Amino acid sequence: MRRTDGEHDHGHGGEHEHEHEHEHEHEHEHGGEHEHEHEHEHEHEHEHGWRHSLGRSHSHDHAESVDEALLVSRTGTRALAISVAGLLGTAAIQAGVSVASGSVGLLADTIHNAADACTALPIGLALVVARRPPTKRYTYGYGRAEDLAGLAVVIVVALSAVVAGWEAVDRLVRPHTVTDLGWVAAAGIVGFLGNELVARYRLRVGHRIGSAALVADGHHARIDGFTSLAVVAGALGVSLGWRAADPVVGLVITVVILGILRDATRNIWRRLMDAVDPALVDQVRQAASGVPGVEAVGAVRVRWLGHELRAELDVTVDRNLHVFEAHAVAESVRHELLHRVQRLVDATIHTDPGPHDDPGPHSLTAHHYQAKGPQTPRILGSSGNGA
């Protein structure tokens with residue numbers, strides 16, 4: 001069975017989809033019994049997202065670092081701009097003291113804070129580009145611009161790690177006397193206080209507007225603040241006669257930056273390869289399985305496009321249903337997924353006629369897939385597992 005009228009309608013949009021989206025938005029704004037039923041799950045998933053973000057030392061995964069509350073709220077956008085300005089100001093103060101004192105540990109922390117601030121710039125630009133509507137050439141829109149911005153983040157972090165590491169190793173090989181230790185320690189404290197102020201501001205605004213991303217970034221800034229305290233420890237070590245303390249601190253901060261680079265590289269690789277959390281696939285399958293009229297759920301595919309999710313899945317319905325009724329089941333599945341799955345903006349539903357052990361019309365296309373292995377979609381009995 002080819003795609004039903006329900007699936008065709010998703011691809012072409014139109015008045016029906018507009019009305020459905022309006023209804024979906026209307027329900028969220030005005031509440032009602034259906035929203036109440038899902039409220040607990042939404043809160044649970046939202047809280048889980050916070051815990052997931054906070055459980056990592058630092059994240060530059062842009063899809064995790066943006067959310068709807070942050071994008072649509074002027075307060076959220078202003079919070080990002082102010083916090084970036086705060087980090088750049090902190091880095092500027094540290095840079096001046098680093099040049100005057102020759103402290104490589106302070107230089108590494110300066111690079112770290114500046115890199116954190118600068119990575120927001122390509123992401124912000126990508127978000128602007130991603131708002132452009134789809135065209136005949138870019139039929140899925142411009143969400144992938146955020147993935148390109150992720151590559152820019154990786155490059156910035158990698159360059160900062162190279163510079164910080166090079167300076168630290170060079171200082172170990174060719175020792176240099178660090179002067180103005182009091183100012184170096186003060187600059188380290190400035191770095192800590194700057195990050196802490198940014199952290200408190202992000203946390204306060206994030207909780208107020210309900211932005212998990214801003215809350216996570218606030219905790220990240222707090223962790224970065226403790227990294228700045230290593231500069232104070234290095235200055236103290238030099239004052240006690242351990243000249244290598246300063247470059248050692250530089251190496252420690254370089255290791256921190258390398259950890260960030262590892263996470264950023266892994267995340268952007270997964271995003272470019274359309275990887276998602278397997279639990280997300282299970283969530284889509286479970287939600288679709290509970291819709292009346294769905295006899296089985298076959299292949300499920302989910303992918304990120306920027307910070308938004310799109311899904312494709314096969315569902316088995318009664319083979320005796322009229323095409324209008326099959327379309328209604330597909331729409332019900334789509335509606336349920338839009339409610340259940342956070343950041344999902346669209347789902348393409350392919351309906352197969354039951355029973356699922358009957359190849360039916362799929363025998364016409366089976367030979368296109370048999371050579372590619374059992375995991376290829378829509379082979380004989382495509383509504384079963386692995387279809």
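As a basis for the values below, the full set of heavy atoms in this structure was taken, side chains included, without hydrogen atoms, waters or symmetry mates. Quick caveat: nothing in here was measured; it's all calculated off a predicted structure. Residue numbers start at 1 and run along the sequence shown.
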Considering only heavy atoms from C-beta outward, does the side chain of [X] approach that of [Y] to under 4.5 Å?
X	Y	result
His350	Thr348	no
Val248	Trp242	yes
Leu172	Leu251	yes
Val184	Val178	yes
Asp170	Val104	no
Val329	Thr351	no
Arg222	Arg200	yes

**Asked** Salt-bridged, Asp263 to Arg266, with N to O below 4.0 Å?
**Response** yes
Looking at Asp274 and Arg144, does any basic side-chain N land under 4.0 Å from a carboxylate oxygen? yes
Rounded distance (nearest 0.5 Å) linking atom [atom1] of [X] with atom [atom2] of [Y]:
X	Y	atom1	atom2	value
Arg171	Asp246	CZ	CG	6.5 Å
Ile253	Ser160	CD1	OG	11.5 Å
Ile93	Trp183	CD1	CH2	10.5 Å
Leu305	Asp346	CG	CG	10.5 Å
Glu167	His176	CD	NE2	11.0 Å
Leu344	Gln283	CG	CD	9.5 Å

Can you name the nearest heavy-atom pair linking [X] to [Y], along with the distance?
X	Y	result
Gly354	Glu295	CA-OE1, 4.0 Å
Ser228	Asn195	OG-ND2, 3.8 Å
Asn113	Ala91	CB-CB, 4.3 Å
Gly306	Asp147	N-OD2, 4.5 Å
Ala117	Leu87	CB-CB, 3.8 Å
Arg202	Ala221	NH1-CB, 4.2 Å

Hydrophobic cluster membership, with links at side-chain heavy-atom distances under 4.5 Å among I/L/V/M/F/W/Y: are [X] and [Y] in one?
X	Y	answer
Val333	Val300	yes
Val297	Leu280	yes
Ile155	Val162	no
Val281	Trp304	yes
Val97	Val231	yes

Let me see the working for Ile349 and Leu313 under side chain to side chain contact (heavy atoms under 4.5 Å, CB included), right down to the final yes or no. CA-CA 5 Å; Ile349 316 299; Leu313 61 154; 3.4 Å; yes
Inset, instruction - Establish, yes or no, whether the cationic atom of Arg303 lies under 6.0 Å from the six-membered ring centre of Tyr140 and within 45° of the ring axis. - result: yes
- Asp318 and Glu325: CA distance, side-chain angles, deciding distance, side chain to side chain contact (heavy atoms under 4.5 Å, CB included) verdict: CA-CA 10 Å; Asp318 188 338; Glu325 296 171 315; over 6 Å; no
I'd like to know whether Leu309 forms a side chain to side chain contact (heavy atoms under 4.5 Å, CB included) with Val341, so could you lay out the CA-CA distance, the side-chain angles of the two residues, the decisive distance to 0.1 Å, and finally the verdict.
CA-CA 9 Å; Leu309 286 168; Val341 183; 4.2 Å; yes
Main-chain N/O of Gly298 paired with Arg285 side-chain donor or acceptor, under 3.5 Å: yes
Tell me whether Ser98 contacts the main-chain N or O of Ser103 through its side chain, where contact means a donor paired with an acceptor under 3.5 Å. yes
Give me the ring orientation class for His339 and His335: parallel if the planes are under 30° apart, tilted from 30 to 60°, perpendicular past 60°. perpendicular
